[in-house]
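Just so it is clear: chains get the letters A, B, ... in the order the sequence lines come, proteins before strands, and each one is counted from 1.
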There are 2 protein chains.
Amino acid sequence: MDDEWSIPAVAVAVDLVVLTIRSAQLQVMLVERGIEPFRGKLALPGGFLASEDEDLDTAAMRELTEETGLPAESLFLEQLHTYGAPRRDPRRRVISVGYLAILPDLPEPVAGGDASAASWVPVHQVLRRRPALAFDHARILADAVERARRRLEYTTIATAFCPAQFTVSDLRSVYEIVWGQSIDIRNFHRKVTSVEDFLIPTGERTTKNGGRPAALYRRGKTETLHPAILRDSTR
Amino acid sequence: MDDEWSIPAVAVAVDLVVLTIRSAQLQVMLVERGIEPFRGKLALPGGFLASEDEDLDTAAMRELTEETGLPAESLFLEQLHTYGAPRRDPRRRVISVGYLAILPDLPEPVAGGDASAASWVPVHQVLRRRPALAFDHARILADAVERARRRLEYTTIATAFCPAQFTVSDLRSVYEIVWGQSIDIRNFHRKVTSVEDFLIPTGERTTKNGGRPAALYRRGKTETLHPAILRDSTR
DNA sequence: ACAAAAGTGTTCGTTCTACACCCATGC
DNA sequence: GCATGGGTGTAGAACGAACACTTTTGT
């Protein structure tokens with residue numbers, strides 16, 4: 001791995017799939033491209049490494065805060081997959097490292113940096129309908145959504161979609177929306193509350209959803225679920 | 001993601017964690033570095049992208065066949081994670097895409113290309129003892145082994161450690177060796193043979209392990225396991 | 001006959017599923 | 001009171017763990 005000659009110089013980019021739940025839909029943050037190629041098309045937020053000294057994770061976090069204008073608190077960020085097809089960018093050879101970010105429902109993103117506009121778009125609308133995204137971003141998005149769906153089964157990332165305090169119902173609706181299937185209210189309640197260190201009761205209650213007041217929880221320290229909360233794959 | 005100015009040129013490498021089972025141990029293929037930096041140290045096989053037109057997966061496959069001298073049949077190859085810490089290579093900025101490859105027990109690897117020697121080394125020896133590997137390769141190896149262990153639970157990659165035909169015992173020993181824990185022979189047998197399209201009986205039998213002849217199987221088409229074969233995490 | 005490994009059956013406890021039922025609030 | 005959502009109880013099915021037992025070979 002050492003020959004100094006003939007090492008192609010490559011540009012390395014970081015692309016983010018930023019997911020949230022708004023209006024009871026799984027939505028992804030997209031930017032409208034201001035320049036060629038794919039000018040005017042929608043694309044994932046992202047960009048090239050800013051300097052020789054920037055780590056990949058740092059670059060992903062920087063892009064995220066630049067585009068959303070938000071502090072990095074209560075944020076889930078994970079590297080997904082690296083895409084390196086030779087002509088995925090028509091200008092030059094670009095390798096893109098895809099990241100998955102998950103946020104609670106937030107105010108409108110602030111357009112910033114090289115993005116002329118940033119907005120939330122329902123995922124099903126992006127994947128099922130035209131126009132497709134710029135570059136291979138539709139593929140990256142599809143991979144990210146599939147990863148998120150699996151992560152709900154085995155990990156506690158569902159809480160990353162929720163604000164600091166949330167009810168079991170809020171959490172359940174995350175599962176239902178991301179998976180696109182309904183879940184038995186009562187069994188779900190028992191399952192999530194019985195996992196050690198998953199949900200910490202705050203002692204407070206809320207009636208924001210109507211009906212009997214629901215207990216409020218905050219995320220616990222556990223990051224993996226044993227046993228898993230499995231999707232019904234027969235449906 | 002578009003400013004043409006100030007895009008750092010980066011070298012992109014592919015590093016492989018090639019695993020197999022030899023002498024009842026999980027072993028990894030390492031090469032001894034012939035040049036600086038880390039000359040004489042052990043490292044993962046890998047190298048830079050060969051040309052502007054080479055895809056990442058293609059590069060990984062090329063490196064693998066170059067180092068092992070083997071055809072790409074009956075091979076599991078999967079992208080793992082991308083490592084981009086600023087000074088992970090002292091010479092220049094290098095981003096490395098890590099791959100996991102799994103092979104059945106094979107003849108000694110053929111040293112080739114830029115590797116002065118390639119050999120199998122037990123994983124526990126590499127991770128637990130000195131000397132450490134070159135670059136951040138110890139970290140990449142540890143990540144890969146952890147990934148392989150999890151993949152055994154949810155997917156059928158265990159068969160990638162086995163030759164074309166194998167017994168249920170052979171498969172079980174893969175699980176026991178990779179996980180480092182023993183498994184009940186009888187429950188395992190029932191579990192794996194009851195998963196649809198996991199193991200296809202060839203009709204043949206073998207007595208190579210002594211005792212009653214065991215049925216021989218080949219891999220089926222299934223790639224995921226429902227339900228999973230879970231490790232006993234309490235041990 | 002005996003050792004050794006393959007493979008089957010059975011029991012028991014845990015977990016999942018479906019659903020009946022009660023609880024606490026707003027109107 | 002009644003609608004609405006929160007939360008508990010419980011019976012049956014499905015599954016996994018443990019282990020007794022039978023089968024089929026080599027020596």
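For the pair A/Ile229 CD1 and C/dT17 P, the interatomic distance rounds to 11 Å; values are reported in whole Å. Note: CG (B/Asn209) to C1' (C/dA6) measures 10 Å, nearest angstrom. Rounded to whole Å, the distance from CG on B/Leu171 to P on C/dG7 is 12 Å. One atom, CD1 of A/Ile183, and another, P of D/dG5, lie 17 Å apart when rounded to the nearest Å. Distance A/Leu199 CG to D/dG7 C1': 14 Å, rounded to the nearest Å. When the C1' atom of C/dT15 is taken as reference, atom CG of A/Leu225 falls 15 Å away, rounded to whole Å.
A centroid separation of less than 6.0 Å is found between the aromatic rings of A/Tyr175 and A/Phe188.
For the pair A/Ala228 and A/Tyr154, the tightest heavy-atom approach, listed with the atom from each and the gap, is CB-CD2, 3.5 Å. Closest of all the heavy-atom pairs between A/Gly47 and A/Glu63 is CA-OE2, 3.4 Å.
Between the side chains of B/Asp170 and B/Thr167, a donor-acceptor pair is found at a separation under 3.5 Å.
Ion pairing between A/Asp143 and A/Arg147 fails under the 4.0 Å rule for side-chain N and carboxylate O. A salt bridge links A/Arg22 with A/Asp105: at least one charged nitrogen is closer than 4.0 Å to a carboxylate oxygen.
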Report, as a single string ordered 5' to 3', how protein heavy atoms within less than 4.0 Å touch nucleotides 21-27 of chain C: B base, S sugar-phosphate only, - not at all.
B-BBB--

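Considering only side-chain atoms of A/Ser169, the nucleotide from D/dG7, D/dG5, C/dA6 that sits closest is D/dG5.
Among the heavy atoms of the strands lying under 4.0 Å from B/Asp184 is at least one base atom, whether or not backbone atoms are also near.
Two residues are said to be in side-chain contact when any heavy atoms from C-beta on lie closer than 4.5 Å; B/Ile140 and B/Phe135 fail this criterion.
Atom CD of B/Glu176 is surrounded by more than 12 heavy atoms from other residues, nucleotides or ligands within 6.0 Å.
Sequence order on DNA chain C of the closest nucleotides to B/Ile185 and A/Leu230 puts B/Ile185 first from the 5' end.
Within residues 187-196 of chain A, the residues that have a heavy atom under 4.0 Å from DNA chain D are, in order of number, A/His189, A/Arg190.
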